[in-house]
Each structure stands twice: as structure tokens, then as C-alpha cells.
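Before any comments, here is the structure.
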Amino acid sequence: MANQGDEKKIVYDFRSIEEKWRKRWDESRIFQAPEKPDKKFYLLVMFAYPSGDIHMGHFRNYTLGDAVARFKMMNGYDVLHPFGWDAFGLPAENAAIKRGLHPNEWTLKNIQVSRDTLKKVGISFDWNREIASCLPDYYRWSQWIFLRMFEKGLAYRKQAKVNWCPTCNTVLANEQVINGLCERDDSPVEQRELEQWFLKITDYAERLNNSLDTMDGWPDSIRAIQKEWIGRSEGCEIVFKIDGSGEDLPIFTTRPDTVYGVTFMSIAPEAEILGKLSIPDEYKAAVDEYIEKAKRKTEVERAAGEDKDGVFTGCYAINPFDGSKIQLWVADYVLAGYGTGVVMAVPAHDQRDFEFARKYDIPIKVVIKTKDGVVLNSDKMTEAYTEYGEMVNSGEFDGTPGNKAIPETIKYTEKKGIGKAQINYRLRDWLISRQRYWGTPIPVIHCPKCGAVPVPDKDLPVILPEVENYLPKGRSPLADVPEFINVSCPTCGGDAKRDADTMDTFICSSWYFLRYLDPRNESEVFSKDAAKAWLPIDQYIGGAEHAVGHLIYFRFFTKFLKDIGLLDVEEPAARLYNHGMVNDEKGHKMSKTRGNVVSPIGLIENYGGDIARMAMFFKAPPNVPIDWTDDLVINMAKFVGNKFFPLVNNYDSDTKVDLKYYFNKDELTIDEFRMYVRLNQTIKQITHDVELFQFNTVIAALMKFLNEFKPEQLNQNLVNYSVLKLIQLIAPVAPCLAEEMWESCGQGYSVFQTDWPVFDPDAIVADTITVAVQVNGKLRGEIEVDSEADQETILTEAKSNDKVKTHLEGKSIVKEIYIKGRLVNLVVK
RNA sequence: GCGAAAGUGGCGGAAAUGGUAGACGCGCUGGAUUUAGGAUCCAGUCCUUCGCCGGGUGGGGGUUCGAGUCCCCCCUUUCGCACCA
């Protein structure tokens, strides 16, 4: 740890240097994006939740984005690199309650503190475009988008069984329930029957699913997670009839080919169809009791039941294929929300149905032959046969081969009008209303006569009122604010009440990237021209934990806004990069309760922001989690202080170097030319690595070059040329340092407005090259040859190498392989 | 159970497209310098060996002149989904 009082240890005066350049950037507005870019690059980092000061995770994420932004600037792009605050929501509210503050006060204070820190870090954000989702001029447009969805029937109210967190005192979206527990506080989530607001994201399930196939700028892992979450499933709807009443009893199945094997059906306890059954008296009590019991269980309890159980209703259905009578059961393993809430059970060919049938002595009927053409004996089966195969015991379908069985049965249902091909999704509609204070008010008025009436656009925003008591108590605190709640109906003028709920904060983050494009627009959510100019996001950087939340929601919003004509793009972000976490030295997550938080501010004050970020970059690629240790930064400070920064001492600012043109190579000695080659290899390497965000090897390449660079042995021209190139190459990674060095070489302001170095292709191929020589694939020697030498010369040379010769003795060469400029392999026997 | 990613020295991690495995750094070991500490410099550091040779990228097979990289099987770890009919 550098001792602040000990001047000898300060390797360069990072404090004044960093302050100087931050100020300079700010004054010259170098990071301000133009309205109309020529060559655009929209770089988006996930905006921050202001729950305190920013931490090492933010620091890592945002310095990564910063390096990319600066690199793109140097490659001639107009870079849009905005920032803002995801300021509404439960965490801010909970934190504020704990401290006895108002959420607004708490949030705004945190924003200020965090903003100051980020400015101190010198991130290249365009602060002119800063937004905060808790401010009326932002959430006004969240309300506006909500109303557009309402108009299209995509925002709707529904009485439904919903997830309720008893600790947060609010409902939660499916995406916020992890293993039946609240993602915030791990409380077991209860099911409550409530009327709530939903967004019909399911209308977009197919498009959300299909676009994933073309999104090759996204990590495969995220795409796979989203695919699974959307859960597309191809199958068939088949309409059975209730025996007696003849009422329809539709089911969804992916295995219509097993329909002749149906021996019972399972109905979810919550399924509405149950009301249509006339359950015989002798079964009624047991069924009612089972349903009551099932409803009291939590999701986890229901899922945990290893043994599937259920109860027979005494009712039957008719199989439309063969007219057979099917027992109807109620079973709580059936999900009311998927398909129709009714499952056709085929015990011979579905493992769960098999176990259920064995338990309750229900017949098992084999209707699919095995691969070997065997018809299994149902009495002797120990498990279901779930493979596809030829149909058997299936009436007119007998003999239909496995690959045709499903299409043929589907075709039949359509011909007979007893069903149809159908695609189901696991994705559910998004529950967005919250019974909490700190969020965007839902812009709807409930009128006893007119029902749910949208607030007219001209009355937006619906301002979140200041309240005394915002503690959660199971219904929205806004419900107890008469001035807010009591209004007249916009349609009929009669007494009406505002909706008291607020929106899920993920609404705010579903479109923030659009507001950045036109953040001060008072008449529109954003201008279409701005959207056309900047979209899609060229690079999005953020955590993988948002895979099934935010990263689906913002895709959904984009598609919706395209459909109403505001956007041209189908997808918001062309490329996505997931950064890794920063843990403490023992690999534990940094947290205030653990007391192991390393502050970016402390690092900046003791070592400088450039050293801190270089240390972080050097440790590992940015997508790999790292364990922070102070020696990272200590060692980086040594490298910069001893090796890198002193480079400018070797620069002679009287010697003019023209960086735009080829260096005069003819003047160089052989050793100097070798160094020139190494420089160009380094340029090539670093450019390649920066493009892949491999900043660890960027710094390694710089170190390696400096290990070989001996300025005192080289002519001054070459030294100057090399130093300038190196400063540019390292600028994205160490911006203040680079500016300072650039200036002290007499190059003026700013290094970020110079062109990124391009390697000299002539210098990549040297006059002589080293070729590796293998015998039977094993390295046996190296030869130095003229780079122009032909294959024959090289092979002759290789065979005459002393080391190689010993391995050739007494053997005959059966094959000679030459890989140009790299290696020779002699195959001997 | 299903899906995805990944297994390389004491450690973090390098090896673009199959072509010199272990770059760069940490740590460690010797040495130099220094009143001392810190710092700095030089040398060494995958295993085995004085050296050559040999072995080596989780394990086992395969393709190839040549495999960390491609294919098959297995093991382990991490992450995501977990009754989806």
C-alpha cells in the first residue's frame, strides 16, 4: 500500500495529472455525441441502481465500456456513450425505510454521490444526456408507452393467482421469483388471487424466440437461457368431450401420436373446466378437499412432491379418436397456467403418467413399438417408453412409422375438426403492477361507470405525490392519499379513483436506451430521426444476471415500438457482452454486511484511476470473475512508474516524426529494423485484442514489447516513433496517462482525436524468419531462413540442421510438410 | 432430470484459423546493490534429468504428418431452467 506521505513512492503525480485531464475533457466536450453522426457507434452500459456509491463491479463494467468507447473514437466513430440512473424500485425504497429517509431524498443523494465518483473515474460519458427514471420528465414517457400498450390491448387487468412476497408486501413478476423464493429477500412466495396489471408479452413470444436465431452478436449462453425461458413447444390441441354433458375438454400435447394410449386425464386444481364437471356425490367431498389442500400449498411444496398424487372425480371424458371412456382426475402437478390446464395422460409413454397410473391402478396401454419393433407388455414395464416409434393398437393409424406419426395424427384432428396443430410457450404475461410507493404511477383512472379509463396524454405525467407514510402494508400507499386518488373520470366527469399501484421498475429500464437519444424532448418520447440515426445499439455491456428479465423486456419493448411505427429496428442491441464480477481476495462477493468492500475511490486516491483500471484489465479478460487483491494495483503502479511513464524521458521533442507516413526504414540498422518489426507486431496484436475486449493481453503485449525495447541502442527517430505509437495503443486503457505523455511529447490535445495506429504490413514479414523443424510432429530444431526462400531451400536447410540430423539417422523420410513461414515437419520411418 | 459454458504450472491467465504449449504477470529460489527495510537489477522456475532423451493441457478412445484446439464416451466444476404434458 502506497504511503501517501512518502513522496518517493509516488511514481508519477497521478492526482494532478488525472484532475487536469478530466477537466480538459469536460471543457472541450470531447465526449459529447453529435445529433447526426456520420459513422455512428452506440455504446451502452447498463445504467446504475443508485443504492449507495458505485462499487468495484460498476468500476469494472464502466471502465471496460470507457476503453471501448475511446478505442472507437480513435477509429473515427462518432461515439454515443450515455449514462443514467435506474432510480425507482424496491431496493431504494427498502434502504430508505431502513434509514428513516424518504426514498426520493435517499435516491437523489445517491445519484449525486455516484455521479461524482464516476466523474472522478473519468469515464467518457456524455453527461449531457444523463437521465434518471424517477424524474417526472422521464417517467412521463414510461406512462405514455404504457398507454400505447393499453390502447393495443397489450396492457390489461386480470384477476389471477399471482406471486406475493410477504416481506416486500407486494406482488412479483415470474422473473423475480427464484425457486419459489423472492429474489430480493428469499421469502417464500405465496400465491394470492388478485386483480393486477399485465403486459401481454406472450403476444411477442414467437418473435422474441425467432429473432434469437439471428442474434449472433449475443453470447450463446444468453440466447440459450432466453430460448428456454420462452419455451417454445410444438404440438397439437385435441378436443376431448366430457362424458354426459358433451362439453369440450381441450388439451395440449406434444405427443398426439400416443393419443390411443390415453387412459386417464389430469386436471389442475385451479382449472376453470372443473366447474363444468358434474361430480357424483360420492366423490365430491374428496375432490373438494384435495383442491383446497392444493391451493394452500406453495409452489415449492407442490413442486417438491416426489410422489405425484391426485384424486378421481368420478367423471369421464371421451377420446375423439376411438370413443373410449377416459377417467378424469384432479392432480396438483398439472399447471393451470400452461396449455389448457388439462393433461392427456399416456402412462405407457410418459414417465410421470406411468408412475401415477401404477400408484392408482389405472390401465396402461402400449401404443408405440420400440426401436426393435417390439410391442412392450404393459404388465412387465418398469418405466415408460418415451421414444418415438411406429404406432400400434391405434386403430387406422397402426403401422404409421415414427417419423410420420405426429404429422399424420395432427392432420387427422384438423380434418375431423377435433383439434389443430399448436405451438405453446412457457413465457407468461408480465405482471407489472406493484403495491409500493417508489415507482411510476399507473396512468389509469377507475370509474364506476366507464371502467378503467386511460389518463389522456395531455394530462401526463401523473405525478408521484409526496406522501408522509410510504411504508408497504399490503396495498399501495398511494391508495391512502385522497388528493391523489380522488379524481373525476376523464370520460364522463363523474367521481372516480386513480389506480393506486406503481409499475415494476423493469418498465423504466425497458426503454431507457431510447430516451438517451433525445433526452430533453418535451413533446415526444424520442424523435424518430434520432432513433433512426443511432439504433441499433452497437455494443451493450452488462451483467448476465439480467438474462431472463431486462434483456427480454427491452427486446419486447423494441418490437412493440417498431409495431407502432416509432422504430425501424426489430432488435435493440446488435452485440452484447457480459462482464464478470469483482469479488474480494477470498472469492467472496463484496458486500457491506461482510465489510469487504474495496472502494474505487480509495484506489483512485492512492494509486490513480489509470493504475486501478490497468490492474483490473490485466488480471483477466473482462468476462471472467476476478478476486481483487491490492497487490494487483501495487504491481501495476510499479510497472507504470518504472517502465511505461519514463518512456517520455527518452523522447526527443526536437525530432520531428510524421506518424502518418511510413517510417524511413532504409536508415535502420538490422537491430533497429528488428525492433521496428516488433513494434508493428505489437500494433497488430493490440488492435486485434482490443477488438475482442481482451485487455489483459493488450497490457501483456505492451510489457513484452518494453522488455525488448532498448532506447539507448536505437536511433532517436525510431524511439520517438515507437513511443508515440505505444502511447496511442495504451490510451483506451490508461487515458489520463496517455494524454499526459502525449502532451509531454509535444503532440498537443487530444490523443483521442488521433487515428488509431495501423501496422506496416511490410514490417510484419521480416527479412529472415525462424522456421520450426519437427520430426514426426516433435520439435527438433529451428532454422533461420530468408523470408523469400522457396520450399526446397528450406527443406534442404531443415534436413541439414545438426539437431534434426540426429533424429533422421538411420531412418528414411516418407513425407515432408512445409507450412509457409512457420514450420517444417519431416515424417520418418 | 434438461440446457449452456468450462477443465492448461504453486496462482491469475497466454496460445487468432489444427502447426514451436505455458506468452505476460504474481509467487517462489539464488545472486547483485543497499546501514536496514522497502525498492531496483541479473539469473532460474511444467515434471523428470547434471545434460541429452522422455513425459505433459481432467480421464479414455479416434481423425491427422501434426490435436489444448476437431469427433465419440466418461468424470468434475460453474451457471441457467427445473413437474411445461
Side-chain angles (χ1 to χ4, degrees), chain A residues 3 6 8-9 11 178-180 219-229 231-233 235 251-255 258 265-266 268 299 302-306 308 331-335 337-346 349-353 356 424-428 544-545 547-548 615 618-621 623-627 629 631-632 634-636 638-639 641-642 684-685 688-689 691-692 694 696-707 770-782 803 806-807 813-828:
Chain A
N3 184 337
D6 188 345
K8 271 196 280 185
K9 283 181 190 162
V11 289
I178 312 293
N179 292 328
D220 289 344
S221 56
I222 298 285
R223 291 199 282 170
I225 289 170
Q226 292 205 353
K227 277 245 158 184
E228 205 167 312
W229 187 260
R232 183 178 194 274
S233 172
I251 58 93
F252 172 76
T253 180
T254 53
R255 293 298 301 271
T258 64
M265 295 180 104
S266 298
E299 292 241 337
R302 274 170 73 160
E306 283 159 33
K308 309 302 169 210
D332 72 2
Y333 71 83
V334 181
L335 305 173
Y338 186 76
T340 61
V342 184
V343 176
M344 73 170 214
V346 185
H349 305 292
D350 179 281
Q351 186 57 23
R352 211 175 25 205
D353 298 342
F356 197 90
N424 258 11
Y425 295 92
R426 295 163 78 156
L427 186 71
R428 309 295 166 79
E545 67 275 15
V548 295
F618 184 52
K619 170 83 174 172
N623 57 352
V624 172
I626 59 171
D627 299 337
T629 51
D631 60 307
L632 292 176
I634 293 167
N635 289 316
M636 189 54 69
K638 284 183 201 166
F639 166 74
N642 296 336
K684 193 180 176 194
Q685 179 76 50
H688 170 264
D689 290 353
E691 273 161 1
L692 296 176
Q694 295 253 8
N696 54 332
T697 50
V698 167
I699 295 173
L702 173 73
M703 288 172 165
K704 190 179 163 76
F705 180 82
L706 291 186
N707 285 345
T770 308
V771 175
V773 184
Q774 297 180 333
V775 177
N776 285 347
K778 295 204 188 266
L779 180 70
R780 297 305 180 190
E782 282 177 356
K803 270 182 151 179
T806 62
H807 291 276
I813 296 172
V814 292
K815 200 167 179 181
E816 296 171 349
I817 292 143
Y818 173 58
I819 307 298
K820 196 168 185 301
R822 307 201 63 158
L823 145 161
V824 168
N825 190 14
L826 303 169
V827 186
V828 300

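Order of the sequence lines sets the chain letters (A, B, ...), proteins ahead of strands, with each chain counted from 1.
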- Please step through side-chain contact (heavy atoms from CB on, under 4.5 Å) for the pair A/Tyr333 and A/Phe356, ending with a clear verdict. CA-CA 11 Å; A/Tyr333 71 83; A/Phe356 197 90; 3.7 Å; yes

Mind checking if [X] touches a base, just sugar-phosphate, or nothing, with heavy atoms under 4.0 Å?
| X | answer |
| --- | --- |
| A/Arg780 | sugar-phosphate |
| A/Pro219 | nothing |
| A/Val342 | nothing |

- Give a yes-or-no answer on whether the side chains of A/Ser233 and A/Tyr425 include a donor-acceptor pair shorter than 3.5 Å.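 No, no side-chain donor-acceptor pair sits under 3.5 Å.
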
- Message: Give me syn or anti for B/G9, where syn covers glycosidic angles within 90 degrees of 0.
- Response: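 Glycosidic conformation of B/G9: syn.
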
- Task: Mind checking the CH2-CZ spacing from A/Trp229 to A/Arg426? Nearest 0.5 Å is all I need.
- Result: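 One gets 9.0 Å once the value is rounded to the nearest 0.5 Å.
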
- Message: It should be established whether A/Tyr425 places a side-chain nitrogen or oxygen under 4.0 Å from OP1 or OP2 of nucleotide B/C84.
- Response: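 Negative; the distance criterion is not met.
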
- Can you find a side chain N or O atom of A/Arg426 that sits less than 4.0 Å from OP1 or OP2 on B/A85?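 Negative; the distance criterion is not met.
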
- Measure from OH on A/Tyr338 to C1' on B/A85 and round the result to the nearest Å.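 Distance check: A/Tyr338 OH to B/A85 C1' gives 7 Å.
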
- Query: For the pair made of CG in A/Leu427 and C1' in B/C81, what is the distance, rounded to whole Å?
  - Reply: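 So the two atoms are 14 Å apart, to the nearest Å.
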
- Message: Can you tell me which nucleotide in B/G12, B/C81, B/A85 comes closest to the side chain of A/Trp229?
- Response: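 Selected nucleotide: B/C81.
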
- Item | Side chain of A/Glu228 - closest among B/A85, B/C81, B/C65 |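 Within the option list, the nearest is B/C81.
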
- Where the side chain of A/Gln226 meets the backbone of A/Ala547, is there a donor-acceptor pair that is under 3.5 Å apart?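 Yes, A/Gln226 side chain to A/Ala547 backbone: donor-acceptor pair under 3.5 Å.
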
- Mark yes or no for whether A/Asp353, through its side chain, and A/Val346, through its backbone, hold a donor-acceptor pair below 3.5 Å.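 Between the backbone of A/Val346 and the side chain of A/Asp353 there is a qualifying donor-acceptor contact (under 3.5 Å).
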
- Item | Candidate pair A/Ile251 and A/Met265, rule side-chain contact (heavy atoms from CB on, under 4.5 Å), full reasoning | CA-CA 9 Å; A/Ile251 58 93; A/Met265 295 180 104; 3.3 Å; yes

- Integer angstrom distance from the P of B/G37 to that of B/U29: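 Going atom to atom, P in each nucleotide, I get 15 Å.
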
- Query: If the sugar-phosphate is the primed atoms plus P, OP1 and OP2 and the base is the rest, what is the B/S/- string for nucleotides 15-26 of chain B, using protein heavy atoms under 4.0 Å?
  - Reply: -BB-BB--BBSS

- Task: For A/Ile178 and for A/Gly231, locate the closest nucleotide of RNA chain B by heavy-atom distance; then report the residue assigned to the nucleotide nearer the 5' terminus.
- Result: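 On the 5' side of the pair lies A/Ile178.
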
- Query: A/Ile222 or A/Val827: which one's nearest nucleotide on RNA chain B is closer to the 5' end?
  - Reply: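 Looking at the nearest nucleotide for each, A/Ile222 comes out on the 5' side.
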
- How is the base pairing of RNA chain B summarised as a dot-bracket string, given the Watson-Crick and G-U wobble criteria with both distances under 3.5 Å, [ ] for crossing and | for another strand? (((((((..(((......[....)))((((((.......))))))((......))..(((((..]....))))))))))))....

